[in-house]
Structure formats: C-alpha cells, structure tokens
Amino acid sequence: MYIAVASVPSSRGGSAGMALQQLDSEGRHLGEPDVVDHDAFAAAVAEAEHRRPRWVWSSTRLWYPDLLSAGVSVDRCWDLALTGNILAHSPSCRPSPYIESLRATARTDDGTEPPRLLLPPPAAPNQHSLFDEPQEPVGPPVGDVVGQFREQLAAVSGAEPGRLNLLVAAESAGSLIAAEMEHWGLPWRRDVHEDLLERTLGPRPPEGSRPTELERLAQELRTALGNPALNPDSPQEVLRALHRAGIEVRTTRSWELERQAHPAIEPLLAYKKLSRLLTANGWNWLDAWVRDGRFRPEYVVGGVVSGRWASRGGGALQIPRQVRDAVRPDEGHVFLVADAAQLEPRVLAALGQDAALAAAARGQDLYQGIADQGFGGDRAQAKLAMLGAMYGATSGESGRLMPQLTRAYPRAIAVVESAARAGEAGGGVSSYLGRGCPPASEEWRARQRTTTAEEQRRADGAARARGRFTRNFVVQASAAEWALCWLAEIRRRLAASSIPEPRSRIVFFLHDEVVLHVPAQQAAEAGTILDLAARAATRLIYGDIPIEFSINTVTVSSYADAK
DNA sequence: ATCTGCTGCGCG
DNA sequence: AAAGCGCGCAGCAGAT
C-alpha cells in the first residue's frame with residue numbers, strides 16, 4: 001500500500017495543509033484523501049506508519065527532515081525526484097511521453113544540468129537567516145504527485161523484474177538514510193580536533209594571519225630559496241622561485257616535488273601539508289560545520305552520475321585521515337566501521353560472470369588471489385593491472401599489464417572493453433540494475449563530425465575520454481548500487497532488531513564503507529547485521545551467484561583507528 | 001567587488 | 001612511480 005503526500009495549495013499561494021492519499025499497488029485511489037493541518041501532519045504520518053505503507057512524495061529532502069525533527073521516522077518511500085532522475089537515463093524502463101519529457105530535461109555528459117524536476121532550490125546549509133519564516137514544504141499538488149507516481153510505476157514495471165524496481169527502492173531507501181544521517185549528525189569532538197590543530201599548527205591565530213608553525217615553515221622556505229618575499233600560497237611564485245633555485249619541476253604538485261633533492265623541498269612539502277589542514281579542516285571549518293558535538297554536512301543522494309552520493313558543505317566525503325581522530329562515539333558507544341573489500345573488481349566478476357575472477361575472490365583478498373593465479377604472487381602488480389582495466393589506463397606499467405589480465409579473465413575484461421567501445425562510439429551504457437549513463441552531449445557529437453586533421457585528433461581524444469568514462473561507469477555504478485542495497489539492508493535490520501533507546505545508527509557512508517554508532521553491548525549483533533546485509537544485497541541484485549562480497553569490520557572508539 | 005577557471009589535494 | 005575513473009573545496013589569478 002502506498003500513501004501519497006502533498007501540500008494543499010492555499011488561495012494565497014502558500015500551503016493550506018497536507019493531503020494524505022491512500023493508493024493501491026497500481027497507484028489507484030483508495031477513498032478520498034485525508035487533509036490535515038500543518039501541525040497535525042507529523043502525527044498523521046506516525047499514525048499511518050503503523051500500517052507500513054510506502055510513502056510517495058516529491059522528494060525526501062523536502063518532506064522528511066521536518067518529520068524527523070518531530071520525532072517521526074518512516075520505513076519506506078518512493079522519492080519521485082530521484083526516481084525521475086534514474087528513469088530519465090535508464091535504457092531499461094518502458095518508454096512513454098512522460099519518460100520522454102524527463103529525458104528532454106535530463107543532463108548530458110558535459111555536466112550541464114537543468115533544474116531538477118520537482119525540487120525546490122537547495123537551501124544553503126547552516127545559513128538559515130533569522131528573518132526567514134519557517135518554511136512549510138510546498139511541492140506539487142497531490143494530483144501531480146499521484147499522476148507522476150503512476151507514470152513512474154508503469155515505466156518501472158516494463159523492466160526486467162527485480163532490477164529497476166530494486167534500484168528505485170534502494171535509491172529511495174538511500175534518501176531516507178541520508179536524511180537520517182543529516183538529522184543525527186556524525187559525532188565530532190571539537191576538543192580533540194582543536195588539540196590536534198594546536199599541536200600541529202600552533203595556537204589559533206587572528207583571522208588573516210598564519211599560525212606560528214606555518215609561518216616558521218614559510219620563513220625556512222624563503223631562506224632555502226633565497227627569496228625573502230616569497231608567498232608560499234602562490235603556486236606561480238613558488239614555481240618561479242624553484243626554477244631560479246635550479247629545481248626543474250613542471251608543477252608544484254607534491255608527488256613531483258618529492259623526487260627532488262634540495263633543502264627547500266622538505267619545508268615546502270611540510271608547508272603544503274599543514275596549509276591544507278588549516279584551509280580545509282582548520283578552526284574555520286570547525287566553526288562552520290561542527291555544532292553541539294556533531295558534524296552535519298548535506299548528503300546528495302544520486303549526486304554523482306554513477307549513483308554514488310555526493311555531498312555539499314564541509315567536504316563530508318573527504319574527511320582526511322589526519323583529523324579522523326576527532327570522530328569519537330558518544331559515551332557507552334562504539335563505532336563499527338565496515339568496508340566492502342575490493343568492491344569494484346568483485347562487481348566486475350559478477351557483471352562478467354567470470355568464474356576465474358570469482359575464484360580469485362574466494363579468499364579474503366581478491367588482489368592476492370589474482371596475483372597468485374597469474375602475476376607470480378605480486379599483489380601490487382595485480383592490483384595495478386585491475387585498476388588500470390577499470391579506469392582505462394593506456395600507458396605505464398598498468399597499461400603494460402593489461403594483456404596478461406585479459407588472458408586470465410577474458411569475460412570480466414570483455415565487460416569493460418565493450419563498455420569503452422560503446423562510449424567511444426557515442427553510445428550509452430548502464431549498471432546491472434539499469435542506471436544509465438548520461439548520453440554524449442551535443443557538443444561531443446558535433447566534435448566527432450569534424451574533418452581537419454587537427455580537429456580529428458581532438459575528436460579522437462574526446463572519444464577515448466568518453467570511452468574511459470563509460471568503461472568505468474559500468475563498474476562504479478554497479479558497485480554503487482550494491483553499496484546502496486547493502487546500506488538499505490543494514491537500516492532495515494537495525495530497525496527490526498532495535499532494542500529500546502539508545503539505538504544503533506548509521507552515521508556515515510562513503511561509497512563502499514559504512515560507520516555505525518552502536519551501544520557497546522550491541523556491537524556483536526551489529527557486526528552480524530553488517531555481514532548478513534551484505535549477503536542479502538548480493539542475493540537481491542545477482543541472485544544465487546558464486547561470488548563473495550566480503551566485509552571488513554572493525555570496532556573502534558575513534559574513527560582514526562579504522563584501517 | 002564579483003565572477004570564472006585553474007591548480008592542488010583530500011576521499012573512494 | 002605518478003598515468004587511467006568519480007567527486008568537493010579553498011585559494012590564486014585573471015577577467016569583468
């Protein structure tokens with residue numbers, strides 16, 4: 001059973017209340033909608049939730065945060081905006097005028113994206129003005145919500161059973177989890193973080209001046225280069241100064257500097273390292289993003305074309321290892337940090353139904369398995385070759401190892417090779433469950449139709465670039481959907497097992513890694529859930545296949561202690 | 001003063 | 001040793 005929710009427009013243009021419309025499994029009305037006041041909405045949802053409906057709404061981002069603030073959570077939903085986004089690119093859904101209209105406004109691979117269907121402009125996080133009225137969600141009216149829902153149901157039902165509908169369910173579950181993670185926040189110890197900053201940078205300086213340690217390194221660098229006026233924050237200046245000192249580098253990238261032998265290199269590298277800490281995760285970052293012991297970024301479900309999550313604000317998906325020690329559980333709790341070991345190559349084995357690669361994955365360490373089967377036991381080589389195959393490496397050691405890999409795993413390699421060929425020819429590819437990649441942009445197509453030699457060279461370059469994109473897309477997108485199903489299964493099992501407060505919660509998700517915040521005495525149970533959820537995800541997606549997706553889980557009292 | 005693009009580096 | 005995929009963000013540099 002479904003319940004569609006929408007705001008009831010008022011004559012003044014705002015919202016006069018909320019409508020709850022029950023629907024049957026085909027999206028047909030079951031009776032008249034309940035219309036409730038804003039104040040009564042959360043209670044009405046909580047009441048209806050006892051019947052375990054699947055909530056249908058324009059977007060979880062619009063509706064769910066207020067419910068969570070009112071202490072109401074829901075089990076399942078259908079997020080029309082996210083689903084529309086998937087359907088706009090999916091080759092496996094049943095075509096219709098509605099789908100055509102979605103496609104017409106969908107993004108292409110040049111990165112342009114029209115305003116998202118149904119979504120209000122995103123509010124800047126942490127910038128709620130004191131003058132803002134509290135905003136009621138004002139999405140499309142209930143008729144539109146039900147209408148779009150029926151269109152989406154029809155489009156999904158045309159696909160191979162158990163694929164696109166699973167993807168849609170997982171994406172919507174992901175939207176609930178993202179909202180819950182934002183609501184709950186990631187536990188973050190300001191005092192620990194500040195200690196770390198002071199130990200490495202010195203005391204917090206006044207705005208606009210360098211911390212003492214950074215200033216000391218800057219002076220050391222100026223001395224070593226004989227350039228007392230050098231601004232170490234300017235790559236151009238630094239590059240010129242290095243050249244004058246006889247250090248021949250093309251850029252000031254750290255890996256290039258590391259190969260040079262000169263007294264200026266060490267302070268420069270140290271300066272860059274500390275400067276990065278200061279600007280990306282220094283005191284200003286703490287002020288902006290950590291409040292009441294929680295880091296609250298915004299997660300953007302489906303924000304990456306491959307279906308991975310993106311984030312907005314605070315660099316949530318790039319928390320440096322350097323500061324992870326500030327991530328500490330509440331009193332009486334621990335973190336369970338779990339990651340899917342070598343997720344992408346395992347997914348590739350599944351995509352290609354490659355028994356040899358599956359056999360290599362049988363142990364714990366897939367790369368070691370590959371190494372033992374065909375790379376003379378050299379794990380580093382095996383890993384390099386595999387990554388090269390998935391990313392489209394053409395040169396270097398990685399490129400050289402490719403033929404060896406192709407001989408060992410022809411079926412798996414054929415998957416990425418044919419994806420690359422399709423992309424180079426301007427075609428599209430899709431994940432196992434049916435998430436399609438964006439089509440080639442009009443600009444890209446125009447470039448392919450060129451004639452002059454110089455233009456042809458650039459067209460070929462663009463074609464190869466798109467080939468690398470589609471090559472990687474099939475793996476990355478299929479891995480992302482596995483991770484999403486895993487996450488959804490974890491949430492479901494945590495909810496089902498839940499002993500009274502305090503509950504175990506999902507507090508962080510990073511592509512192939514999940515962090516649970518767990519009351520210490522429930523750690524063992526939560527660990528079991530992580531494993532069972534992984535098995536369930538594999539089975540949901542691929543059915544009964546002889547490929548293992550192994551989970552590495554550690555129980556820690558600081559995020560820094562994971563890995 | 002505000003924008004856009006580039007560089008560099010963090011994460012997977 | 002330093003290419004091949006996907007992101008976000010800060011600060012500089014140059015343009016408006």
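Nothing here was measured: the structure is a model prediction, and the numbers come from that model. Residue numbers start from 1 in every chain, and the chains themselves are labelled A, B, ... in the order their sequence lines are given, proteins ahead of strands.
A salt bridge does not link A:Asp325 with A:Arg189: none of the charged nitrogens is closer than 4.0 Å to a carboxylate oxygen. Salt bridge annotation for A:Arg190-A:Asp287: present, with a cationic side-chain nitrogen under 4.0 angstrom from a carboxylate oxygen. At a threshold of 4.0 Å, the pair A:Arg435-A:Glu171 counts as salt-bridged, since one of the basic side-chain nitrogens sits closer than that to a carboxylate oxygen.
Of the side-chain N and O atoms in A:Lys273, one or more sit less than 4.0 angstrom from OP1 or OP2 of B:dG10. Taking side-chain N and O atoms only, A:Arg400 has no distance below 4.0 Å to OP1 or OP2 of C:dA1.
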task: Scan nucleotides 10-16 of chain C nucleotide by nucleotide, 5' to 3', and note B when protein non-hydrogen atoms come under 4.0 Å of the base, S if they reach only the sugar-phosphate, - if neither.
output: SSSSS--
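In this structure, A:Gln381 places its CD atom 13 Å from C1' of C:dA1, rounding to the nearest Å.
A cation-pi arrangement is absent between A:Arg296 and A:Trp289 under the rule of less than 6.0 angstrom and at most 45 degrees off the ring axis. Seen from the ring of A:Tyr391, A:Arg468 does not count as a face-on cation partner, given the 6.0 Å and 45° thresholds.
One side chain, A:Thr60 or A:Asp79, offers a donor N or O that lies under 3.5 Å from an acceptor on the other.
Of the candidate nucleotides B:dG8, C:dA3, B:dG12, B:dG8 has the atom nearest to the side chain of A:Thr251. Comparing atom distances between the A:Arg259 side chain and each of C:dG4, C:dA2, B:dC11 picks out C:dA2 as nearest.
No contact: A:Arg250 has no heavy atom under 4.0 Å from any strand. Using a 4.0 Å heavy-atom cutoff across all strands shown, A:Ser311 reaches sugar-phosphate atoms only and no base atom. Using a 4.0 Å heavy-atom criterion, one finds that A:Arg321 contacts the sugar-phosphate atoms exclusively.
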message: Would A:Leu484 and A:Ile177 count as a side chain to side chain contact (heavy atoms under 4.5 Å, CB included) here? Give the steps.
response: CA-CA 10 Å; A:Leu484 203 53; A:Ile177 294 162; over 6 Å; no
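Taking 3.5 Å as the limit, the base of C:dG8 and the side chain of A:Gln318 contain a donor-acceptor pair of atoms between them. Contact annotation: side chain of A:Arg308 to base of B:dG12, donor-acceptor pair present below 3.5 Å.
Nearer to the 5' terminus of DNA chain C, by closest-nucleotide assignment, is the contact made by A:Trp255 (compared with the other of A:Ala316 and A:Trp255).
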